[in-house]
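Everything below concerns the one structure shown next.
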Amino acid sequence: MFLYILKRLGRSLITLVVIITVVFLLLQFMPVEGYFDNYEKMTEAEIQSGLVRLGLKDPLPVQVVRFFKMLLTGNLGISRRYRVNVSINEIIAPKIWVSAKFGLISMALSLPLGMALGALMARNKGGLADKLGNGFIVFIQAVPNAVYFLFIQLYGSQLLNISLLYDEAVTRSIILPIISLSLPSIAGYAMWLRRYMVDEANKDYIKLARAKGVSNSAIWFKHVFRNSVVPMVNFIPGSILLTISGSIYVESLYSIPGMGGLLVDVIRKQDNSMVLALIVIYASLSILGLLLGDILMGIVDPRISFVKKEGSR
Amino acid sequence: MSKWSPSERKCRQHEQSVVQSSEQLLNAKDDLNTEEIQGLSNDLFQKADYDASQAERIGYSNYSYWGSTLRMFFKNKLAVAMLIIMAILVIFTFIQPYLPGQRDANAINNYPATHAKGGTPIKNRKPTWSIIWDGTQEIDFLDEEAKDALPFFERISWSVTRYFHRMSAAFKDLFDGEEDVGIFIFGTNRIGQDLWSRLWQGTRTSLFIGIMVAIVEAVVGIIMGMLWGYVRKLDFFFTELYNIVDNIPSTIILILAAYIMKPSVSTIIIAMCVTRWLGLARFVRNQVLIIRDRDFNLASRCLGTPTRRIIFKNLLPQMVSVVMLRMALAIPSAIGSEVFMTYIGIGLPIDIPSLGNLVNIGRGYITYPGLRYQLWFPAIILSIITICFYLVGNAFADASDPKNHV
C-alpha cells in the first residue's frame, strides 16, 4: 500500500510538471498589449524594456527552469500586475481562508442533506418524494446557475431584509451565499446516491437477503446504503480540498473577497506569475484529492485493493 | 392461510369454476370424423409448391430497434410534452424573422415625432401589455362611499364597464396619442433596441452554439474514444492527455481562445470544443473496454470481421443510448457555458445578441424593479430551453437503451 502511494505520488508529480509547463507555454500566446496599461502611448524601447523587466525576453527553457527553481523554495512568486510587487503568498492567504470557510460550511450542509434526499428518493422509487426530488434535480442541473443564483439573491435578500451584498459584520448575510453554494451540490449528491442505491437494490444478494427474511431497515442501511456510499466517498476529499477555489458566480454576485474570480481576473490582467501560481495550487490539490479519494475508498471498502493487478483487460 | 380463511374459500370457488369451464372446452368435440372429411369439397384447399427459400427460413422476432425506441419514448408523457414545447420554441425561433412586422434586433427605435430632429431613442420602454395592464390598474373609482352605495350587481357591472373603458383608453393612449410608438411585446432596452427581436435572435445564436458544440463533441469524441479503447498502443497517450487537460482549468483555455481569436460565434464554439470532446472520448473508451472482449466480439474477430466493421456494427450500436444522452446534455451545458463566458466578460459582443449577454445585461437592472423585465424574459426562455433539452435527452436515452425494450 505504502509503495503504491509512493508510486502514485511520483506519477502525480510528473503530471503536475507537465501541466505547469503546458500552461506556461500557453501563456506565451497572450498578446503583448495586455502587459501594459497604456500600450498605445509607449515607444518601442519602453515596451522592450518592460518585457525584459517582466522576464519575458529570456529564452523559454530559461523561464521555465527559473519558475520551477522558485517553486522548489516554497515561494509562489511575486505579482507583477494584479497588485504590483506584492508576494503572491500574501495576496492569496486571506482569500483562501474566506473561500474555504464558505465552501466548508456549504459542504457540511449539503453532504448530509443531499445524501438524505438521495436515500429517500431511492427508498420510495417512483413515489411522490422521488418525483419531487427528480424535479428539483432536473431544475438545478438544467438551468444555468447564473439564472437561479440571481433570483435567490434578489428575492432572498428581500425576504431576509438584508442588503444584496455580503457584509462580514452581518452574520445573516452569510445565509444566501451558502444556500446558493449548497443547492447544486445537494442535487449532485442526491442524484448520484439515488442512482447507486437503485442499482444496488436490484442486485441478487439483496433478493437473497429479503428471501432469508432480513428486516427491511437492515437491508437498506447495512447493505444497500453502505455499498452505494463507496463510489461517493471517492470524490469527497477532492471536493473538500477544492473548496478553497471558491465559486466565481457566488463570490462575484455577493462580492465576497474570495478566490472565486481571482483566476479570471489575473488572466485578464495577464499577471502571468499569478496565473501560474494559481494553476499550481489548483492542479496539485485536484491530483491530491484524487489520490486521497482512492485511499479513502480502500479504507471504506476493504474489498478494494490497489496492490493487486486488475483482471485480463 | 388456513382452510377456514374466507379468502381461501373464495379462491377455491374461483378455481373450481375455472377448472370446470376449461374441462368443458377440452371435452368439446373439435375434430371431424372420417365421413365428414370425405364430404369436404376440393376447392377449399390449395396446393403448395416446394419453395427452397421457405425451407431455409428461420424464426425471427419482428423486433425493430428504432421502432421500440420510439414506442418507449412516446410512453413517457412528460417527455413528449417537453418535446412539443421544445419543437414549438425552436420552430418559432427560426421563423420569427420572416413574420410580418418584426424589427431588426440591432436597430435603435426612435420616437416617430422626433424623426426630424435626428431621433430620440425609445429607451427602457416597458412591455406593451404591461403598460396596458398598468393603465387598467390606475385607481380613479368613484369615491368609496358612492361605490358602496350601489347595489351589488350594479357595482359589478359598473366595475366591468369601467375596466373596459380604461383598457380602451390605455390602447388609445398607446396608438393614437403622442405616445404612438408601436408595439414592443417585451419592451425595449437601455438604448432603444426591441427586446422581442433581440430575444429570438439571441435564442437562435445560443441554440446554434449548443447544437454545433454537441455535434462536434459527438463526432470527435466518438472517433477518438473508439481509437482510445480499441487501439491498445494509443491508450497511454490518450490517458496522459486526458490527465493533463482535465487538470487545466477550462476557464484558462476559454479565455486564451477568446484572446487569440476575435470574439465571435465560431470562437466560442471552438473554445468550447477544444477540451469537451475528451470527456465523451473517455466515456466511449470505458464502454469499448467493457464490450470489446465480450464473447460475441471474440467470435466476430475469429470469423475474420475487419476492425472497421467491428467498430461500426458491433460496438457503436451498443452505445447509442449513452452517446445520445451525452449529446442531449451537451446542448444545455453549452448554452450554460456561453452564459458563463459572457459573465466573466469574454462572451459575444453586444451586437450579436445571445441568451448569455441578454441575461447578463438584464442582471445589471436587478436593483431597479421597474426594469427587471429585461432580466425575466431571457431568463425564462433560457430555463425553458435548457430544461426541455435535458428532459427530452434523458427520456430518449432511457428509451434507446435496448435493456428497457420489453
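The structure displayed is predicted, hence computed values, not measured ones. Values reported hereafter were calculated over all heavy atoms of this structure, with side chains retained and with hydrogens, waters and symmetry mates removed.
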Against chain B, label A:V147 side chain, backbone, both or neither, depending on which of its atoms sit under 4.5 Å from a heavy atom there.
-> side chain
Picking from A:L263, A:I287, A:D265, A:L290, which has the most non-hydrogen pairs under 4.5 angstrom with chain B?
-> A:I287
Nearest heavy-atom neighbours spanning B:V339 and A:Y249 = C-OH, 4.2 Å
Name the option with the most non-hydrogen atom pairs under 4.5 Å to chain B; the candidates are A:N145, A:L16, A:I20, A:L253.
-> A:L253
Exercise: identify the closest heavy-atom pair between A:P144 and B:G336 = CG-CA, 4.0 Å
Find the one option among A:I279, A:V275, A:V264 whose heavy-atom pairs under 4.5 Å with chain B are most numerous.
-> A:V264
Hey, are the side chains of A:L154 and B:R372 touching, using non-hydrogen atoms and a 4.5 Å cut-off?
-> yes
Is the count of non-hydrogen atoms from other residues, nucleotides or ligands lying under 6.0 Å from B:F236 atom CZ greater than 12?
-> no
Segment of B:F389 engaging chain A (4.5 angstrom heavy-atom cut-off) = neither
Go through B:L375 and A:L150 one step at a time and tell me if the side chain to side chain contact (heavy atoms under 4.5 Å, CB included) criterion holds.
-> CA-CA 10 Å; B:L375 171 64; A:L150 269 177; 3.7 Å; yes
Hey, which of A:F151, A:Y148, A:Y282 has the most heavy atom pairs under 4.5 Å with chain B?
-> A:F151
What is the distance from atom CD of B:E240 to atom CZ of A:R11, rounded to the nearest 0.5 Å?
-> 6.0 Å
By a 4.5 Å heavy-atom criterion (distance strictly below it), what part of B:L391 contacts chain A: side chain, backbone, both, or neither?
-> side chain
Portion of A:V22 that has a non-hydrogen atom of chain B nearer than 4.5 angstrom = side chain
Taking every non-hydrogen atom, the tightest pair across B:I344 and A:I248 = CG2-CG2, 4.0 Å
Part of A:A283 within contact of chain B (heavy atom distance under 4.5 Å) | both
What class does the angle between the rings of A:Y155 and B:W376 fall in, given that below 30° is parallel, 30 to 60° is tilted and above 60° is perpendicular?
-> tilted
Judged by modelled atom types alone, do A:S252 and B:Y343 share a side-chain donor-acceptor pair under 3.5 Å?
-> yes
Gap between atom CD of A:Q141 and atom CG of B:N394 - 0.5 Å precision | 9.0 Å
